[in-house]
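All remarks here apply to the structure that follows.
Per chain, numbering begins at 1; letters A, B, ... match sequence-line order. As the structure is a computational prediction, the values presented were derived from the model and not from experiment.
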Number of protein chains: 2
Amino acid sequence: MNQKHTSINSVGEFGLIERIRKICASVPLPPEIGEKIVLGIDDDTAVVRPSEHLLQLVTSDIMVEGVHFDLTYTSMEHLGWKLLVVNLSDIAAMGGIPLHAVITVALPAKISVEMVEAMYGGIAKAAETYRCAIVGGDTNTSLGNMTVAATVTGEVSESWLKLRSGAQPGDRICVSGDLGLSHAGLKILLREKERYLSSPGKDEFKPNLTPYTVAVTKHLAPRARFDVAQKIAGREWVHAMIDISDGLASDLRHICVRSRTGAHLDIDKLRIPEQVGTIAAELGEEPMDFVLYGGEEYELLFTVHPDAVGDIEQVAPEVSVIGTVTADAGKIELVRNNEPVKILTGGGYDHFRK
Amino acid sequence: MNQKHTSINSVGEFGLIERIRKICASVPLPPEIGEKIVLGIDDDTAVVRPSEHLLQLVTSDIMVEGVHFDLTYTSMEHLGWKLLVVNLSDIAAMGGIPLHAVITVALPAKISVEMVEAMYGGIAKAAETYRCAIVGGDTNTSLGNMTVAATVTGEVSESWLKLRSGAQPGDRICVSGDLGLSHAGLKILLREKERYLSSPGKDEFKPNLTPYTVAVTKHLAPRARFDVAQKIAGREWVHAMIDISDGLASDLRHICVRSRTGAHLDIDKLRIPEQVGTIAAELGEEPMDFVLYGGEEYELLFTVHPDAVGDIEQVAPEVSVIGTVTADAGKIELVRNNEPVKILTGGGYDHFRK
């Protein structure tokens, strides 16, 4: 092989996606096909117009055993539920509602028919909860790990479509619920797994999860926030929206990059949920790191016109205002009483850097 | 674990899909969502009506390293090409044309940025050839094998939609090209891999592929037969259609099961391509087995009204008429001069039975 070998680690997930985006965008297509793409690889979902009367959303997520889930502490029901929810959350963050899902799975020999049925039970439960039809897929063997993927389509009306690129300096930054819990829950699951593995009597081992139910549940069975998204997406004062899958700092950066803005996050407005406090203290870690960098929250992060702070409190009281969009492109800063505390660089989860 | 553990092997791929279908079909959905599904897990693609003015096709395929491809003899360009083509072939077999594709990949550390770019180069080439826009996807790490999946949407007009279930007794069975080549090509690639692995000077090893180019190319870089599909799908005399991914016998069975018919295959009409003959002779195997059971051909298998044999010869001269649909539900028979030669049972590729 004379070919150059650049490790994916060295360019990172977002570097790799940028290269893929270029290749996909360079495909010469006839205009009647090209004009059906409203937005390609650029946001939570692609936006297409397959017919004059339909603005459709398309999103896809793949989950790999050992990377995204661990069958020692993830039930097949939870796995199925989460697979669909992470995709639905992307639809919610665009202001859309789901239409159809297709599921593909690669199954190693250790997976039984009952386990597959349990997983599809979890998928079916999410489909029922969020009103999404499962219409197809593909099943195959895997020689290695279990891999599951879903593609979900949705629809959105033109005026409800909310992109990452819509933030404007002065906008207030809002978030739909508590942050840091999913990561805290993961930390507890990993600790209990360690205890299990080093326990002499494995059959008698009982994990200690009860005090951490809120955090563990948020990690294993997150919600898609259509409840909030559908109340706000129709409002013109909502300018930009994303769901928090990589972490607050990282997903706020996605908004800032696409909108060519910066942001101030007010440290006193960033609530530390009770179980995040408890868990961070037990583990000797900084709870604010969980809030800023913890991924897989699937809360909505969005920006609103500064005059709309009263509106948002009325329309969606579960939302907190946590900061302000600035004109200082690319600079994301923690502030207290408008005084700088810390500049946030990088942060968030990149699957290819460790 | 008190749960029952039924191995997937014991129910097979189609048994598993049947169980999954039941779970997905049982999801209670409001009528405005349910009525948008024209056809769920039942054919080459799902058929949905996301808006009044659009009949949309959705299909998904996952390909796993070591199961569907082997990086010792599959280039990344070929892998990308084939990933998209196997999905596009399903769209072709419904009578549709492609709209949009999303690609998900799980990449182990051995895969370089250049390899990923080469794979997307192959995907892009297929997208350009068959006029399909790549609009999104997901990239992730894998701790085990490489896994790639694609979901493709397409559109079809109501009268062009061709299902597996439309065959009628008396219909003539047609196929769009040569069969058995892909499997023959795979056998050669596997033989050369064995020779490579047992070769003392690996760096100097040169695989002997030149005499088998047609077969090897059909395996590594199959075509999606829109060229034929788009000439015939608009004709009312075409009753049922499928693409040959599992093998002629197996995919004909899919048509028969859905149409509640049987079939006669005329052994004298089943052409043995030259390289299938050569390769089978070299390997000491029966060439007709390649034609009947070889998978991954991506040719179109379809049935036409008996009066339309002249029409098909005129419209699509590359098509062969190879048999007749019978009323004998589920019985697929090889015949010669209308005399039975052999009843075909099972056959074709099932990913979970070995």
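- The most heavy-atom pairs under 4.5 Å with chain A, out of B/Met63, B/Glu128, B/His100, B/Glu114, come from B/Glu114.
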After noting the C-alpha distance and the side-chain angles of A/Val105 and A/Tyr120, does the key distance pass the side-chain contact (heavy atoms from CB on, under 4.5 Å) rule?
CA-CA 11 Å; A/Val105 295; A/Tyr120 276 86; 4.0 Å; yes
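- Taking non-hydrogen atoms and a 4.5 Å limit, the residue list of residues 73-80 of chain B in contact with chain A is empty.
- One distance of note links CD1 of B/Ile8 with OG1 of A/Thr141; it measures 9.0 Å at 0.5 Å rounding.
- Only the side chain of A/Ile17 comes within contact range of chain B, with heavy atoms under 4.5 Å apart.
- There is no contact between B/Lys125 and chain A, counting heavy-atom distances below 4.5 Å.
- With sequence neighbours excluded, the residues satisfying side chain to side chain contact (heavy atoms under 4.5 Å, CB included) with A/Ser159 are A/Ser157.
- Annotation: maximal heavy-atom pairing with chain B below 4.5 Å, among A/Gly66, A/Ala149, A/Gly137, A/Ser60, occurs at A/Ser60.
- Within the 4.5 angstrom heavy-atom criterion, only backbone atoms of A/Ser7 (N, CA, C, O) approach chain B.
- A donor and an acceptor atom, one from each side chain of A/Asp246 and A/His254, are located under 3.5 Å apart.
- A salt bridge links B/Lys36 with A/Glu155; the closest basic N to acidic carboxylate O contact falls under 4.0 Å.
- A salt bridge links B/Lys110 to B/Glu65: one of the charged nitrogens lies within less than 4.0 Å of a carboxylate oxygen.
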Ignoring hydrogens and angles, write down the donor-acceptor pairs under 3.5 Å from the side chains of residues 45-55 of chain B, residues two or more places apart or on other chains.
residue	atom	partner	partner atom	Å
B/Arg49	NH1	B/Glu158	OE1	3.3
B/Arg49	NH2	B/Glu158	OE2	3.3

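- Note that CD1 of A/Ile91 is 5.0 Å distant from CG of A/Leu57, once rounded to the nearest 0.5 Å.
- Between chain B and the residues A/Asn145, A/Asp43, A/Val58, the most heavy-atom pairs under 4.5 angstrom are made by A/Asn145.
- Taking NE2 of B/His68 as the start and CG of A/Asn140 as the end, the distance is 3.5 Å to the nearest 0.5 Å.
- Considering A/Asp243, A/Val156, A/Thr59, A/Leu163 as possible partners of A/Met94, the one that fulfils the side-chain contact (heavy atoms from CB on, under 4.5 Å) test is A/Leu163.
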Audit row: A/Val148, A/Ile103, side-chain contact (heavy atoms from CB on, under 4.5 Å) steps and yes/no:
CA-CA 7 Å; A/Val148 295; A/Ile103 311 290; 5.7 Å; no
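- In terms of heavy atoms, B/Ile37 sits closest to A/Ala133 at CD1-CB, 3.2 Å.
- Most heavy-atom pairs under 4.5 Å with chain A, from the set B/Pro98, B/Gly144, B/Ser112, B/Gly40: that is B/Ser112.
- Of the listed residues (B/Thr6, B/Asp42, B/Val116, B/Leu99), the greatest number of heavy-atom pairs within a distance under 4.5 Å of chain A belongs to B/Thr6.
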Applying side-chain contact (heavy atoms from CB on, under 4.5 Å) to A/Ser142 and B/Val67, what does each step give before you reach the verdict?
CA-CA 7 Å; A/Ser142 165; B/Val67 179; 5.7 Å; no
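- Note: A/Ile62 leads A/Ile62, A/Leu39, A/Thr104 in heavy-atom pairs under 4.5 Å with chain B.
- Taking non-hydrogen atoms and a 4.5 Å limit, the residue list of residues 21-32 of chain A in contact with chain B, ordered by number, reads A/Ile23, A/Cys24, A/Val27, A/Pro28, A/Leu29, A/Pro30, A/Glu32.
- Side-chain N or O atoms of A/Tyr130 include one that pairs as donor or acceptor with a backbone N or O of A/Ala224 at under 3.5 Å.
- Only the side chain of A/Val64 comes within contact range of chain B, judged by heavy atoms closer than 4.5 Å.
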